[in-house]
K.L.:
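Quick one: the structure is below, and I'll ask about it shortly.
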Amino acid sequence: MLAIETRSLTKRFGASTAVDHLSFEVEEGEVFGLLGPNGAGKTTTIRMLACIVSPSGGSAKVAGYDIVKESINVRKSVGILTENPNSYEKLSAVENLEFFARAYGITDRRRVSERIKELLDFFQLWDRRNEKVATFSKGMKQKLAIARAIVHDPTILLLDEPTAGLDPEASKLIREMIERIGSLESHTVLLCTHRLEDAERLCNRVMIISKGSSKVVGTPKELRNRMGGHPKLEVTLKEVNREMVDKVRDLVLVEGVEVDARSARLLVTANDIQAVAPYVVKTLVGTGAMVMRVNVFLPSLEEAYLELIKEG
Amino acid sequence: MTLENAMLVFSKDWREIRRNWQVIGPLVVVPMLITVMLPLVIILIPTIITIPGTSLNIPVTMFENLPLEVKLEIAGMNISQQMTYVFLLYFFAPFFLIIPIMASSVLASDSFAGEKDRKTIEALLATPLTDGELLLGKILVSFIPSMLVTILAFTVYSAVVDVAAFTLFGGRILLPILLWLVLIFCVTPAVSLAGIGITVIVSVKVKGFREAQQLSALLVLPIMLLIFSELGGLIMFGPIMLALLIAGFVVMDLIVFRLGISIFKREDILAKSV
């Protein structure tokens, strides 16, 4: 079953179009990334899917509910970490979570208490549970905001830049938390980010969006391959000569060879680099080459991303 | 829409407000000034310093415009008793309209526009709470405390007046009287609701608490006009004025709430907060 399905979803603010005929599908249990620069339309997309803003055109279903006609059901099914994930600073962590648990319809006080204990333990905030949120660090506030987003155990989690503004250590912690949430509570996650590291690490599939429209969708690996080409085999030799290069080039599966004579380095391109690697090494050794190092060289998602963003 | 959900919003906001001295401060200080300082000034000053006879003729226009029944009430009193009686029971009454309007606009600004300022509004708007539940919860958190403050201020004012004027009036209890009870329990709720309604409209359209509070502060101006009109002898606190105030503010409540409800839309609120 599809957790999220959008068809030509569009949002205009006056003359400007923030989201332009965006269509995509997210499977149940999937971690799907919306990757794009600032102003690409990621936050507006999330807001439409959370029924905070209404679309100007197109349609979308979240957890099987129409975002326009069944907005209350959508809101009940969704947990959202907003772009500004501020909590009520004059309230404690427990008071914040209690309010949101009840606002999302959990009326059983015992269930609320158990869920809050479970989440504050998970996010390592239990010891500070009765302190005002104003005294928390930025990382702690972000953890509390994520706890708030899942306090009602939603089936779908919308996360808008969960690591934005955090230091590397806190970012790492939040990424680990999101991974654990995905595996422990089997949520469908829609993750908005402009951080490639987050997308690569957390997402099953990624959609790159720019100026409100979709550029490409696929797994991080597929995007790397599609935009940055296939993996390459990097072979560093003690010395390189023309015979060595020609012999490698003559191999059936090899598509191309680039040579850096100064560093005695060959960059071999092939459709299936894993299959061709032993033959390349064997051939080079056969020509008397001394192989110093062999690497499989992966093009980065960053290259793919930058390429697409450049195209606009 | 359920009252339970509206009360959930109310209790959350009330918890926040009572821990916020920026909001509680004016709520305590202004009523205290009105309830304690006004009666003490009018009762104690003439007894501490000797006032020349001509000074007592200053409010002569006001005294001339007193309704006949009030003139009859003060007929047998000496000049000091007349001054105290008329000021405390009649001229100071409109000041009690400032308390609910000030309290409700401060509370409503914090509750509506304050969420924008603190950037907590988006998470709140993402909950399944309906627009009606959010609006009602926030109206209640502005209305209930502002009425409690008004009633408390009236109680304190009555006590201060009765204690301070005890000797001057030979042990007579001056407050409460029916006119004041109508003012506190019929007029001030209507005034408070008007303040809230206007603040809701302002808060939806502005970006933050300060802007909302500054604009809402303008609500005190009509009340000040009322006070100065009374001091100038143009109008007089009495049954007719109370009836006009109730009618006027009820009509105003209906208009501003109708308008407030029509513009209280999630998307508009969020659009102005980003």
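First the proteins, then the strands, lettered A, B, ... as listed; each starts at 1.
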K.L.:
With distance as the sole test, does Asn86(A) use its side chain to make a donor-acceptor pair with the main-chain N or O of Arg118(B) at under 3.5 Å?
P.N.:
yes
K.L.:
Decide if atom CE of Met37(B) counts as having more than 12 heavy atoms of other residues, nucleotides or ligands within a radius under 6.0 Å.
P.N.:
no
K.L.:
Would you give the length of the straight line joining atom OG1 of Thr127(B) to atom NE2 of His152(A), rounded to the nearest 0.5 angstrom?
P.N.:
9.5 Å
K.L.:
Taking atom OG1 of Thr120(B) and atom CG of Asn84(A), what is their separation to the nearest 0.5 Å?
P.N.:
10.0 Å
K.L.:
Output the distance between atom CD (Glu122(B)) and atom CD1 (Ile80(A)), rounded to the nearest 0.5 Å.
P.N.:
5.5 Å
K.L.:
Answer with side chain, backbone, both or neither: which region of Ser71(A) has an atom nearer than 4.5 Å to a non-hydrogen atom of chain B?
P.N.:
neither
K.L.:
Taking all non-hydrogen atoms of both residues, which atom of Leu129(B) and which atom of Arg75(A) are closest, and how far apart?
P.N.:
O-NH1, 4.4 Å
K.L.:
Heavy atoms under 4.5 Å from chain B: which residues of residues 52-67 of chain A carry them?
P.N.:
Ile52(A), Val53(A), Ser54(A)
K.L.:
Hey, does Asp13(B) have a side-chain heavy atom less than 4.5 Å from the side chain of Tyr88(A)?
P.N.:
no
K.L.:
Can you run down the salt bridge (Lys or Arg N to Asp or Glu O under 4.0 Å) pairs that involve residues 87-100 of chain A, sequence neighbours left out, and say none if there aren't any?
P.N.:
Glu89(A)-Lys141(A), Glu95(A)-Arg15(B), Glu95(A)-Arg19(B)
K.L.:
Give a yes or no on this: more than 12 heavy atoms of other residues, nucleotides or ligands lie within 6.0 Å of atom CZ of Arg18(B).
P.N.:
yes
K.L.:
Is it the backbone or the side chain of Leu91(A) that comes under 4.5 Å from a heavy atom of chain B, or both, or neither?
P.N.:
both
K.L.:
What pair of heavy atoms forms the shortest contact from Pro128(B) to Ala103(A), and how long is it?
P.N.:
CD-O, 3.4 Å
K.L.:
Do other residues, nucleotides or ligands put more than 12 heavy atoms under 6.0 Å from Arg109(A) CZ?
P.N.:
no
K.L.:
Hey, is CZ on Phe228(B) packed in by over 12 heavy atoms from elsewhere, all under 6.0 Å?
P.N.:
no
